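Inspection log for the structure reproduced underneath, given as structure tokens.
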Amino acid sequence: MLMSRLFGRTLREDPTGATTASHGLMLRAGMIHQLGAGIYSHLPLAFRAMDRIESIVAEEMDRVDGQQVALPVVHPADVWKQSGRWHSVGPEMARFTDREGHDMVLAMTHEEVVADIARQHVHSYRDLPFMIYQIHTKFRDEPRSRAGLIRVREFVMKDAYSCHTSEADLAEFYERMKEAYVRIYRRCGLEALVVRSSTGMMGGSGAHEFMLVTPAGEDTILVCASCGEAANREVATCRAPDADGAKMADLEEVATPNQTTIEGVAGFLGVESRETLKAVFYTVDDKVVFVAIRGDLEVNEAKLQGVLGTAELMASTEAELRGAGLVPGYASPMGVEGLQVVADRSVAAARNLVGGANREGFHLRNVNLGRDFQAEVADIGLVRTGDACPDCGEPLHEARGIEMGNIFQLGTGYAEKLGATYLDQDGQQQALIMASYGIGIGRLFACVVERHHDEHGIVFPMSVSPYDVQIVQLGDKEEIETAAADLQAGLVAQGLAVLRDDRKESAGVKFNDADLLGTTMRATVSNRGLKNGEIEIKLRGDREATTVPVAAAAERIAALRTELLAAIDPERPLWDAAGEVAAGAADGEAEG
RNA sequence: CGGGGCGUGGCGCAGUCUGGUUAGCGCGCGUGCUUUGGGAGCACGAGGUCCGGGGUUCGAAUCCCCGCGCCCCGACCA
């Protein structure tokens, strides 16, 4: 490819609104073009990089016996109604009606479609297990897209689905997929931190996410550096606080005029916030739920959703509280009939807290769960840095991460709802046990750039570089052009993807553009070099260049590519992701 | 959905508060000459529904009203 013919233009300045390195660099390199909020076109360079990522993904999926398919982007709503997600999934699913007035759906995931296929193509345990995958476009009408390709509404995703006859078989395959995912990221030059995660709208029994640790991330993860426990904050747990052995003191009403916040009450009464009872209210199915937690802690709504068995948590309005017999700012579950009360473990462990008196302007001292009110006790606290690891008790560390992929154990839910069954060895009809696995290709690409760049531009790993080598020819002399074209032909003959900068631009412009685009290898053909019969070779990530005789250049560069690819060992960690969290890397500045 | 910001040649911005000629600047783009190892110089030139629609006014990029779009923070989220 000639640079003069390459579609897409480089920019000298970051366009407005680029807040992350990957977004700014992709725009400056002319790789992406925004059509609307969270909707991007991929121009040639991005397409090529993503194509290489897709090849890596496909190879690893094939390696664990996956079979590639193509599933529809537009679905009749029927299957979604059968699974229940037509109703349970919110406006992030795009819906429309076709000309006949039938409800239709733009695909955001494909569990239903796979279950539908399975119910017609899988009849016997002999057909199982299997895994099929596709690399295809998804649309999710996210409430808020951000940061270039990191969070978009339309995106290319590798989604895979496996079906099994037993939980044990699923668990075994799930581990194979986990390894395949880690290999994919390593082959793209990234080390993933595997964390436990929420099953979210997928449902099911367990899930993991693959995080790139970076301050540009939008998820918060908690990691134990000593035992390796790692979880998304949504599901993170910590050791329960030790029970306070103090004796229960008598209830005592105290006046707390105009003190409706934890800080206010604690300050007014001269106690610590951890000695108070925080009340939070959610309305579920038109009923107010009273949620109690120690005053210095926060409620984790994802965990609370699990306890309440609902996906819809709405903060209650003042009117709803009054309707339930509660006094906002001074609320107490004591003496309120028919109120569902959920208390965090911290409340069960504590003694003699300060809580509301359910009377305007008054609080109660020495409130104790069990004696003064009853509640369902659960772990609903938001875990923070320094909390004790649930496994080993050492302090947990907090960091930001980008979710590069996720895997879900779905169980039999989808198969049961859609009637995807098979006959087992005993002739009994059984529901398929399913799992699904996703990787956003564009986001993974963004992660590569996020992690591999410097102040001049992208520094592509060999495996992902849109072109293997960029030839920079300096000067417009005939022999330069000829030598550069010969080198290009030689490299192409060796099977390399070559970008040759044949433009009539100054050396500075060409070098800067080469740095910006990030092509892994650079070959400079210049008057200065040709005088000695040499061509200069430089890796984008290296400071120093080397020279080789013109005649040997193509072979040397091809060999270099082979070496660079061979150096990628998907079995070996690229860096210590957990240690990085413990070191606070993702709270401070970005990595190079 | 709540809060904030922005919308002016391809990109980055000024001008808007305080209405007043042909709407500027830098980069980029075209042509010519000179230049060619880290974002060259000179000259000439092209390129604009000032987001859209109403309104106020002798006169609107500028003031008012109603929309639309995009970005950021939060909520939410595979």
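Numbered from 1 within each chain, the chains take letters A, B, ... in sequence-line order. Here the structure is a predicted model, which is why all the values come from computation and not from measurement.
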query: If we take the C1' atom in both B:G2 and B:G9, what is their distance in whole Å?
result: 36 Å
message: Tell me whether A:Asp219 is salt-bridged to A:Arg233, with the criterion being a basic N under 4.0 Å from an acidic carboxylate O.
response: no
query: Where each residue is assigned the nucleotide of RNA chain B containing its nearest heavy atom, which of A:Gln34 and A:Asp219 is assigned the position nearer the 5′ end?
result: A:Gln34
Quiz item: A:Asp515 side-chain donor-acceptor pair to B:G38 base, under 3.5 Å: yes
- request: Take the protein atom CZ of A:Arg9 and the nucleotide atom C1' of B:C11, then report the distance between them rounded to whole Å.
  value: 10 Å
- request: State the pairing partner of B:G45; accept Watson-Crick or G-U wobble contacts with both distances under 3.5 Å, and report none otherwise.
  value: B:C29
- prompt: Is it the case that A:Gln473 and A:Asp501 place a side-chain donor and acceptor less than 3.5 Å from each other?
  reply: no
- prompt: Who is the Watson-Crick or G-U wobble partner of B:G38, with both distances under 3.5 Å?
  reply: none
- request: Please determine, for B:C17, whether a Watson-Crick or G-U wobble partner exists with both distances under 3.5 Å, and give it or none.
  value: none
query: What orientation do A:Phe460 and A:Phe445 show, parallel under 30°, tilted 30 to 60°, or perpendicular over 60°?
result: parallel
- request: Tell which nucleotide pairs with B:C6, taking only Watson-Crick or G-U wobble pairs whose two distances are both under 3.5 angstrom.
  value: B:G69
statement: The answer to which of A:Thr19 and A:Glu234 contacts RNA chain B further toward the 5' end, by nearest nucleotide, is A:Thr19
- request: Between B:C76 and B:C1, how far apart are the C1' atoms? Round to whole Å, please.
  value: 9 Å
message: My understanding is that a pair needs two contacts under 3.5 Å, Watson-Crick or G-U wobble. By that rule, which nucleotide pairs with B:G74?
response: B:C1
Nucleotide B:U36, atom P - distance to CD of A:Glu479 in whole Å: 14 Å
- request: In whole angstrom, give me the gap between the P atoms of B:G52 and B:G37.
  value: 47 Å
message: Using the C1' atom as the point on both nucleotides, what is the distance between B:G48 and B:G38, in whole Å?
response: 35 Å
message: Taking only the P atom of each, what is the distance from B:C51 to B:C58 in whole angstrom?
response: 25 Å
field: Distance between C1' atoms of B:G67 and B:G19 (Å, rounded)
entry: 24 Å
- prompt: How far does the C1' atom of B:G12 sit from the matching atom of B:G3, given to the nearest Å?
  reply: 27 Å
Nucleotide paired to B:A60 in any strand shown, Watson-Crick or G-U, under 3.5 Å: none
Report each atom pair, protein N/O against N/O of nucleotides 39-42 of chain B, whose distance is under 3.5 angstrom.
unit_1, atom_1, unit_2, atom_2, d
B:G39, O4', A:Asn512, ND2, 3.2
B:G39, O2', A:Arg12, NH1, 2.8
B:G39, O6, A:Arg28, NH1, 3.4
B:G39, N2, A:Asp513, OD1, 3.2
B:A40, OP2, A:Ser506, OG, 3.1

Note, A:Thr237 side chain near A:Arg196 side chain (heavy atom, < 4.5 Å): yes
- request: Run the ring-centre check on A:Tyr174 versus A:His208 and record whether the distance is less than 6.0 Å.
  value: yes
message: Whole angstroms only, please: what is the CD-P distance between A:Glu218 and B:A75?
response: 12 Å
